[in-house]
> 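This is the structure, below, for whatever I ask next.
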Amino acid sequence: MQAIIYRDYGTADVLQLSEVARPTPVDNEVLIKVCVSALNAADWRLMHGKPLLMRLMTGLFKPKKGTPGTDVAGIVEAVGRNVSQFKVGDAIFGDLAGCGAGGLGQYVCAPEHVLVLKPENVDFEQAAAAPMAAVTALQGLRQGQIAAGQNILIYGASGGIGTFAVQLAKHFGATVTAVASASKHDLLRELGADSVLDYAKQDFASNGQRYDLILGVNGYRSIFDYKRSLAAKGRYVMIGGEMRQIFQALIVGKLLSLGSQQQLSNLFAKPNQTDLAKVGSLLANGDIKAVIDRRYPLAEAPAAMRYLEAGHAKGKILINLQASTEQSLEQTV
Ligand SMILES: NC(=O)c1ccc[n+]([C@@H]2O[C@H](COP(=O)([O-])OP(=O)(O)OC[C@H]3O[C@@H](n4cnc5c(N)ncnc54)[C@H](OP(=O)(O)O)[C@@H]3O)[C@@H](O)[C@H]2O)c1
């Protein structure tokens, strides 16, 4: 089968389209025939092996696995003998980041607990785009104790997580201000944002507004700017962006929260079937939808990774594996 792999850390130039052996599922695993895969920031961070500390787990000098592709939607091709939730032919989707990824391959094995059934009326693209981004957005809003009537700010609202966060916040009844560059404003309004700010021209931290919840999804703002913009009992949840943002929230955020009614914290998203199934039903009911920016064939995964890493995707970047599976089946006939 064909798969994208990398044998060294580095830029997207290390990604190689290779012929590799089709994996065999162990007892608790499902073999998935991948239809569509979606990229996440985790894919390019792992490919670079940065931050370096991460290499303690992923391989000090060379990647132990080198199999990118975190989110997948596909068909169950085979099941291990202890698998009880799925059978051959089921359409499923899931986030494989915690089990070695590998979604950029025509087939991949994953433990059943990272997967859920794909609702029938949700297509493979929508399902593949959602697992990590939508579950992270959901958990971020939950950590920030989202409630109807709240005034919330989403900074870095136009990428994979942000586009889901805007829709989920509206679904929960909040009033949403979305911060993104001007070219993304129409999209964000379509997704339900009540107001939009252009981070290049408008400074949310000096316009006198106070928010019950701020999600820091991408870009960089000082934690003091976020704190200044919180309501008296407001919460700031740091999801992503520049590395210094993580350390600020971890250390300064904890200190600023001590003895204060305001809470400033990091999110460490934990994929789980319950939240993934919730995302599946929100997609099925039309409450949220994945925004698809670009689609690439498997062979063009390096270009897809470069585009995502440049940091200005408008929603999600997909890799279509159906075309390559059909092509290699033709070649074997
Ligand atoms: N905490 C967790 O558990 C967790 C889980 C998953 C991911 N993450 C992290 O979350 C972050 C976002 O992930 P994602 O998938 O949404 O990324 P993404 O899709 O690559 O985000 C792209 C978006 O970021 C916006 N952006 C870039 N620079 C910006 C800036 N300076 N100010 C405001 N917005 C800016 C872009 O908008 P413009 O084009 O308008 O600039 C673009 O639409 C990443 O850092 C990722 O590592 C965290």
Side-chain angles (χ1 to χ4, degrees), residues 12 38-48 50-51 54 68 70-71 95-98 101 128-144 153-168 177-189 191 193 196-205 214-222 225-226 236-250 253 264-272 275-276 279 290-294 304-318:
L39 298 181
N40 286 284
D43 286 304
W44 58 260
R45 291 193 199 285
L46 286 166
M47 177 184 78
H48 283 280
K50 287 182 184 160
M54 191 168 72
T70 31
D71 285 338
D95 171 357
L96 314 188
M132 187 185 290
V135 167
T136 300
L138 179 65
Q139 294 185 0
L141 290 166
R142 203 184 276 146
Q143 183 164 313
L153 180 91
I154 301 176
Y155 195 90
S158 49
I161 296 173
T163 47
F164 280 116
V166 168
Q167 298 174 77
L168 286 166
T177 300
V179 186
S181 59
S183 66
K184 313 280 173 59
H185 287 186
D186 286 347
L187 166 71
L188 290 164
R189 283 196 197 92
L191 296 177
V196 286
L197 297 176
D198 178 355
Y199 61 78
K201 293 195 183 129
Q202 294 162 293
D203 182 9
F204 75 87
I214 298 178
L215 282 193
V217 178
N218 217 345
Y220 171 79
R221 288 303 299 248
S222 148
D225 289 343
Y226 285 130
Y236 159 63
V237 178
M238 201 291 314
I239 292 184
E242 291 185 16
M243 289 313 292
R244 57 186 163 148
Q245 199 89 69
I246 298 178
F247 293 108
Q248 278 187 8
L250 261 179
L264 299 91
S265 63
N266 297 70
L267 173 77
F268 297 101
K270 293 181 190 70
N272 64 75
D275 285 348
L276 191 56
V279 163
V291 175
I292 314 290
D293 180 355
R294 293 189 181 185
M305 198 76 92
R306 278 185 209 104
Y307 178 68
L308 180 68
E309 193 181 345
H312 297 286
K314 195 173 177 175
K316 296 295 301 179
I317 310 302
L318 303 184

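Both ligands and their constituent atoms are indexed starting at 1 by order of listing. Position 1 is the first residue of the sequence, and the numbers go up from there. The structure displayed is predicted, hence computed values, not measured ones.
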> Measure Ile161 to ligand 1 on non-hydrogen atoms and call it side chain, backbone, both or neither using the 4.0 Å cut-off.
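Looking at Ile161 and ligand 1, atoms from backbone and side chain both fall under 4.0 Å.
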> Would you mind checking which non-hydrogen protein atom is closest to atom 25 (C) of ligand 1, with the distance to 0.1 Å?
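The protein heavy atom lying closest is Gly311 O, 3.8 Å.
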> Does Lys184 reach the main-chain N or O of His312 with its side chain, forming a donor-acceptor pair under 3.5 Å?
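A pair under 3.5 Å: yes.
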> So for ligand 1, is Met132 a polar contact partner (N or O within less than 3.5 Å, distance only)?
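For ligand 1, there is no N or O atom that lies under 3.5 Å from one belonging to Met132.
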> At a non-hydrogen distance cut-off of under 4.0 Å, which region of His312 contacts ligand 1 (side chain, backbone, both, or neither)?
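Near ligand 1, His312 shows its backbone as well as its side chain.
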> Test your reading of the structure: does Val179 have an N or O sitting under 3.5 Å from an N or O of ligand 1?
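Looking only at distances, the answer is no, because the N/O contact criterion of under 3.5 Å is not met.
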> Are any of the side-chain heavy atoms of Gln245 and Tyr226 separated by less than 4.5 Å?
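In contact.
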> Side chain, backbone, both or neither: which part of Ala269 has a heavy atom under 4.0 Å from ligand 1?
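Answer for Ala269: both.
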> Taking 4.0 Å as the limit for heavy-atom contacts, which would you say applies to Tyr155 with ligand 1: side chain only, backbone only, both, or neither?
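Tyr155 to ligand 1: side-chain contact only, backbone stays beyond 4.0 Å.
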> Does Leu267 come within less than 4.0 angstrom of ligand 1, counting non-hydrogen atoms of the residue?
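It does, in that a heavy atom of Leu267 comes within the 4.0 Å cut-off of ligand 1.
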> Should you measure from each heavy atom of Asn218, which atoms of ligand 1 turn up under 4.0 Å away?
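Counting atoms of ligand 1 from 1, those under 4.0 Å from Asn218 are 12 (C), 17 (O), 18 (P), 21 (O), 22 (C), 23 (C), 24 (O).
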> Could you tell me the residue and atom name of the protein heavy atom closest to atom 12 (C) of ligand 1, and the distance to it rounded to 0.1 Å?
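Of every protein heavy atom, Val217 O, 3.3 Å lies nearest to atom 12 (C) of ligand 1.
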> Which heavy atom of Leu188 sits nearest to which heavy atom of Ala157, and what is that distance?
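Shortest heavy-atom separation between Leu188 and Ala157 comes out as CD2-O, 3.5 Å.
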> Looking at Lys270, is its backbone amide N or carbonyl O close enough to the side chain of Gln139 to form a donor-acceptor pair, meaning the two atoms are under 3.5 Å apart?
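Yes.
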> Find all atoms of ligand 1 within a distance of less than 4.0 Å from any non-hydrogen atom belonging to Thr136, and give their numbers and elements.
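Listed by number with element: 4 (C), 5 (C), 6 (C).
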> Do Asp293 and Tyr307 come within less than 4.5 Å of each other through their side chains, counting heavy atoms only?
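Yes, their side chains come closer than 4.5 Å.
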> Which residue from Gly160, Gly159, Pro271, Ala180 reaches closest to atom 23 (C) of ligand 1 through any of its heavy atoms?
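Nearest option to atom 23 (C) of ligand 1, by heavy atoms: Gly159.
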> Do me a favour and list the nearest non-hydrogen protein atom to atom 48 (C) of ligand 1 with residue, atom name and distance?
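Answer for atom 48 (C) of ligand 1: Ile239 O, 3.0 Å.
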> Among Tyr199, Phe164, Phe268, Tyr307, which one puts a heavy atom closest to atom 41 (O) of ligand 1?
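Residue with the shortest heavy-atom distance to the ligand atom: Tyr199.
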> May I ask you to identify the nearest protein heavy atom to atom 42 (C) of ligand 1, giving residue, atom name and distance to one decimal place in Å?
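The closest one turns out to be Ala313 O, 3.2 Å.
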> Do the non-hydrogen side-chain atoms of Asp95 and Val135 ever get within less than 4.5 Å of each other?
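The answer is no; the side chains never approach within 4.5 Å.
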> If only atom types and distance count, is the side chain of Lys316 paired as donor or acceptor with the main-chain N or O of Leu39 below 3.5 Å?
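Yes; at least one donor-acceptor contact below 3.5 Å.
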> Is any side-chain heavy atom of Met243 closer than 4.5 Å to a side-chain heavy atom of Arg45?
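Met243 vs Arg45: side chains touch.
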> Answer with yes or no whether Arg45 contacts ligand 1, where contact means a heavy atom under 4.0 Å from a ligand atom.
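Arg45: in contact with ligand 1 (<4.0 Å).
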> Inspect the contact between Arg221 and Asp203 and indicate whether a charged nitrogen and a carboxylate oxygen are less than 4.0 angstrom apart.
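So Asp203 pairs with Arg221 through a salt bridge.
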> Sub-3.5 Å donor-acceptor pair from the side chain of Asp71 to the main-chain atoms of Met132, do we have one?
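Checking the backbone N and O of Met132 against the side chain of Asp71, a donor-acceptor pair under 3.5 Å is found.
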> Flag Ser181 as yes when one of its N or O atoms lies below 3.5 Å from any N or O atom of ligand 1, and as no otherwise.
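Between Ser181 and ligand 1, an N or O pair is found under 3.5 Å apart.
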> With atoms numbered from 1 as shown, which atoms in ligand 1 lie under 4.0 angstrom from a non-hydrogen atom of Gly156?
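Here the atoms of ligand 1 in question are 33 (C), 34 (N).
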> Please check whether Ala41 reaches ligand 1 - meaning an N/O of the residue sits under 3.5 Å from an N/O of the ligand, judged on distance alone.
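It does not: no N or O of Ala41 is found under 3.5 Å from an N or O of ligand 1.
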> Would you check if Met305 and Pro68 make a side-chain contact, meaning some heavy-atom pair closer than 4.5 Å?
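Heavy-atom side-chain distance check passes, below 4.5 Å.
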> Please report the C-alpha distance between Tyr155 and Tyr220 in whole Å, then the side-chain angles of each, then the deciding distance to 0.1 Å, and finally whether the ring pair (Phe, Tyr, Trp, His ring centres under 6.0 Å) criterion is met.
CA-CA 9 Å; Tyr155 195 90; Tyr220 171 79; 9.2 Å; no
> Could you check whether any heavy atom of Gly241 sits closer than 4.0 Å to an atom of ligand 1, since that is the contact criterion I want to use?
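Yes, Gly241 has a heavy atom closer than 4.0 Å to ligand 1.
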> Test Ile317 against every option in Leu308, Ile292, Asp43, Asn40 by the side chain to side chain contact (heavy atoms under 4.5 Å, CB included) rule and name the one that passes.
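Option passing the side chain to side chain contact (heavy atoms under 4.5 Å, CB included) with Ile317: Leu308.
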> Looking at Ser158, which atoms of ligand 1 are within less than 4.0 Å of one of its heavy atoms?
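That gives atoms 36 (C), 37 (O), 38 (P), 40 (O), 42 (C), 43 (O) of ligand 1.
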> I'd like to know whether ligand 1 has Lys184 as a neighbour, heavy-atom separation below 4.0 Å.
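It does, in that a heavy atom of Lys184 comes within the 4.0 Å cut-off of ligand 1.
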> Check for a donor-acceptor pair, side chain of Gln143 on one end and backbone N or O of Asn266 on the other, with a separation under 3.5 Å.
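Yes.
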> For ligand 1, which atoms have a heavy atom of Leu308 less than 4.0 angstrom away?
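Selected atoms, number and element: 20 (O).
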> Nearest to atom 31 (N) of ligand 1, what protein heavy atom do you find, and at what distance?
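The closest one turns out to be Gly219 CA, 3.5 Å.
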